[in-house]
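What follows is a short report on a single structure.
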Amino acid sequence: MPLALLALAVGAFGIGTTEFVMMGLLPDVADDLRISIPTAGHLVSAYALGVVIGAPLLAAVTARMSRRTVLIGLMALFVAGNALSAFAPGYESLLAARFLSGLPHGAFFGVGAVVATSMVAPERKARSVSLMFLGLTVANVAGVPVATLMGQHLGWRATFLGVSAIGLAAIASLAWLIPHDHTHASPAGLRGELAALRSLPVWLALGTTVAGFGALFAAYSYVTPMLTGAAGFAPASVTLLLALFGVGATAGNLLGGRLADHAMRGTLFGGLAALGGVLALFPLMMRAEWSAALAVALLGMAAFVTGSPLQLMVMDKAAAAPSLASSANQAAFNLANAGGAWIGGLALAAGLGVTSPALAGAALAVLGIGVAAVAYGVDRRRAVTLQQTGALAGATGRLVATHVPQVNERSRQ
């Protein structure tokens, strides 16, 4: 694997840290800015909104630019957003800075995935994407806990300055390690990139992402009350348990990349089935501390096994112009975050029990399998149609080749 993937992983580490650290800093931010915690929670939503808007928009605007230049520019925007967050004088300015920080998130992963796959042999594409995503999963193990502790002891503003420093390190790594010969602009241009989004298989792949990761976030958004209310853990233990989720996600990400290079669709179906199974067992596993800890790790592993194959499937369906579709998949991840949390909240509000969001997530995983099955059926029908068209064209060509010389011979006679 090329060393340049390390530069993409460093950027992913910074992005993953700033995305998830706000959850742990909400009480500190709320106290400092004299706002309620629910109001501070809008800072999380502002970042997610930035991701959803910025992913397709920035990928489209930069379609004709060198992908190396785009990656460096996106990371510069990331640094600016986090630096402005650190120096924000009030809530409104911090809300705007968080939105700005989210804008480059999806486009960075989308364009980065295209660059990563261009630097390796075809049989290593999924593994290259998983190594880029490794920075995101490691952020949950190390980056977020360290950044949260930094914010609690040095102030939340210091956290965002630290994240800005990670972004500067990523810029230096990208400039040094990303080669110029694998980062040319897409020959399709903006029109070709937009045309790729009119493909039904691309939208089915995006729908699989929304349903599959919606299953994860339906449960993960409410994992803290499950761990404290059902499993009996003390609130102070939750941070360590969430690190277990990051360990599982890291292992699942690496495993998914390796398996998807051998059988992309099989890995996707297997991962979604495993995710649904783990979520269905959550109510039982939350009855004891040891099994609850195991459930959190297995949740991260099962969910992130599907990360690389989902990203690669979207790129394959838009092979002629993959940057915009790849970035749109990151927007789909964040739609899954918001939609999954909303569905899990509906289960809680209906009084179905503290572990009911996990069962709602299991239903979403089944829906993801259904969408993936429809996508597989569409692909099979298209392959058969192309095969029949090719056979008909070949038969027509042979017929013409046989009869035209005979006609010419008769004409000469």
Side-chain angles (χ1 to χ4, degrees), residues 8 12 51-60 62-63 67 70 105-118 120 122 124-133 136 186 188 190 192-216 253 256-257 259-261 263-272 275 303-337 339 367-380 382-383:
L8 296 172
V51 177
V52 173
I53 293 176
L57 179 63
L58 292 179
T62 59
R67 287 165 179 157
V70 171
H105 176 129
F108 181 87
F109 280 109
V111 175
V114 175
V115 172
T117 55
S118 73
V120 298
R124 290 177 174 263
K125 284 186 176 183
R127 222 172 306 179
S128 71
V129 173
S130 73
L131 288 178
M132 179 186 68
F133 282 144
L136 180 65
S186 169
L190 177 57
E193 295 281 353
L194 291 173
L197 288 183
R198 293 199 292 266
S199 167
L200 176 60
V202 169
W203 282 103
L204 287 172
L206 294 174
T208 306
T209 296
V210 172
F213 270 80
L216 165 66
N253 173 57
L259 292 176
D261 276 330
M264 182 178 68
R265 205 175 294 270
T267 303
L268 176 59
F269 278 111
L272 288 172
L275 177 60
F304 278 86
V305 160
T306 65
S308 297
L310 280 170
Q311 188 72 34
L312 201 59
M313 185 167 67
V314 171
M315 292 166 61
D316 283 348
K317 302 309 174 190
S323 295
L324 182 55
S326 180
S327 299
N329 196 47
Q330 296 303 311
F333 277 117
N334 278 267
L335 287 174
N337 190 340
L367 176 62
I369 293 173
V371 177
V374 171
Y376 178 66
V378 169
D379 286 347
R380 288 291 300 270
R382 291 193 172 200

Contacts under 3.5 angstrom, residues 206-215 side chains, donor-acceptor by atom type, not counting sequence neighbours:
residue	atom	partner	partner atom	Å
T208	OG1	L204	O	2.9
T209	OG1	A205	O	3.4
T209	OG1	N329	OD1	2.7

Under a 4.5 Å cut-off applied to non-hydrogen side-chain atoms, are [X] and [Y] in contact?
| X | Y | value |
| --- | --- | --- |
| F109 | Q311 | no |
| R127 | V120 | no |
| V51 | F333 | no |

How long is the gap from [atom1] on [X] to [atom2] on [Y], to the nearest 0.5 Å?
| X | Y | atom1 | atom2 | answer |
| --- | --- | --- | --- | --- |
| M315 | S327 | CE | OG | 10.0 Å |
| Y376 | F269 | OH | CZ | 8.0 Å |
| F108 | L8 | CZ | CG | 5.5 Å |
| K125 | S118 | NZ | OG | 9.0 Å |
| L58 | H105 | CG | NE2 | 12.5 Å |
| L312 | L268 | CG | CG | 11.0 Å |

**Request:** Give a yes or no on whether the backbone of L131 and the side-chain of N253 come within a donor-acceptor separation of less than 3.5 Å.
**Result:** no
Do you know which two heavy atoms are closest between [X] and [Y], and how far apart they sit?
| X | Y | answer |
| --- | --- | --- |
| P309 | G256 | CD-O, 4.3 Å |
| A263 | T267 | O-OG1, 2.7 Å |
| A126 | G257 | CB-O, 3.4 Å |
| A107 | A59 | CB-N, 4.3 Å |

**Item:** Cationic N near anionic O, under 4.0 Å, D379 to R265
**Value:** yes
**Request:** Could you pull out all residues at least two apart from V70 that satisfy side-chain contact (heavy atoms from CB on, under 4.5 Å)?
**Result:**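 Result, side-chain contact (heavy atoms from CB on, under 4.5 Å) vs V70: T62, M65, L74, V111.
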